[in-house]
Amino acid sequence: MSGYKTFTMIKPTAVKNGHIGSILDMINNAEFRIVAMKLTKLSYERAEKFYSVHKEKPFYQDLCTFMSSGSIVAAVLEKENAVEAYRKLIGATNPDNAAEGTIRKLYATSLQENAVHGSDSDENAIIEGDFFFSTLEKY
Ligand code: ATP
Ligand code: MG
């Protein structure tokens, strides 16, 4: 059965470019419930840990440098079939391939600086939410 939770980050460039409000608006309009949310910043070491599945990839160090370059918004979202529904709302990893009207199509500036993160499985949604939030911070 599909899960109800996913995890997202608004990435540093989208925060710097003033898109927090617009992206949260799209999340609300798509009827996700916000379970937890904070403005925070990853150190390089925390970014390495978060993206450790990609540690063998050629873009890993650049990605960790980028993700620790400025403030991010981290949030746990809830909706039926949340992982798939949210990945549909954000669009393809590469904004050149993202469908019209998706978050990445509207707000990404490059493949790396692609506006938002979205979990890729129910299992990772829980792991990633727990990476940022304690039980007492999820409502
Ligand atoms: P995310 O995990 O951030 O939601 P995704 O699941 O769509 O994105 P992944 O394959 O998990 O894509 O890649 C993680 C992130 O690494 C991407 O969102 C992007 O920021 C960066 N990335 C992926 N592929 C490349 C690449 N070829 N060059 C540079 N950066 C990349
Ligand atoms: Mg991913």
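Read the numbers this way: they start at 1 and go in the same order the structure lists the ligands and their atoms. Keep in mind that the numbers below use all heavy atoms, side chains included, and drop hydrogens, waters and symmetry copies.
Nearest protein heavy-atom contact of atom 20 (O) of ligand 1 is Q112 O, 2.8 Å. Regarding atom 29 (C) of ligand 1, its nearest protein heavy-atom neighbour is F59 CB, 3.5 Å. Protein heavy atom in closest approach to atom 1 (P) of ligand 1: H117 ND1, 3.1 Å. Protein heavy atom nearest atom 7 (O) of ligand 1, with residue, atom name and distance: T93 OG1, 2.5 Å.
Taking the ring axis of Y86 as reference, the NZ or CZ atom of K79 does not stay both within 45° of it and closer than 6.0 Å to the ring centre. Under a cutoff of 6.0 Å and an axis angle of 45°, R33 and Y4 do not form a cation-pi pair.
Between F7 and F132, the ring centre distance stays below 6.0 Å.
If you look at K11 next to ligand 1, the close heavy atoms, those under 4.0 Å, all belong to the side chain. Residue H54 touches ligand 1 through its side chain alone, judged by heavy-atom distances below 4.0 Å.
Note on residues 55-75: pairs passing ring pair (Phe, Tyr, Trp, His ring centres under 6.0 Å), not counting sequence neighbours, are H54-F59.
How far OG1 of T6 is from CZ of R87: 8.5 Å, rounded to the nearest 0.5 Å.
Ligand 1 lies within reach of N114, whose nearest heavy atom is under 4.0 Å from it. Distances shorter than 4.0 angstrom do not occur between any heavy atom of M9 and any atom of ligand 1. Heavy-atom distances between Y51 and ligand 1 reach below 4.0 Å in at least one pair.
Near G118, meaning under 4.0 Å from one of its heavy atoms, ligand 1 places the atoms 4 (O). Each of the atoms 1 (P), 3 (O), 4 (O), 7 (O), 8 (O), 18 (O) of ligand 1 lies under 4.0 Å from some heavy atom of R104.
Remark: K49 NZ is loosely packed, at most 12 non-hydrogen atoms of other residues, nucleotides or ligands lying under 6.0 Å away. Summarising the local packing, CD of E137 is surrounded by more than 12 heavy atoms from other residues, nucleotides or ligands at distances under 6.0 Å.
Where the criterion is an N or O separation shorter than 3.5 Å, residue side chain and backbone included, R87 meets it with respect to ligand 1.
If you check each of V53, N124, L111 against atom 28 (N) of ligand 1, the one with the closest non-hydrogen atom is L111.
Hydrophobic clustering (ILVMFWY, side-chain heavy atoms < 4.5 Å, transitive): L39 and I103 are in one cluster.
In this structure, K41 contributes its side chain and S68 its backbone to a donor-acceptor pair below 3.5 Å.
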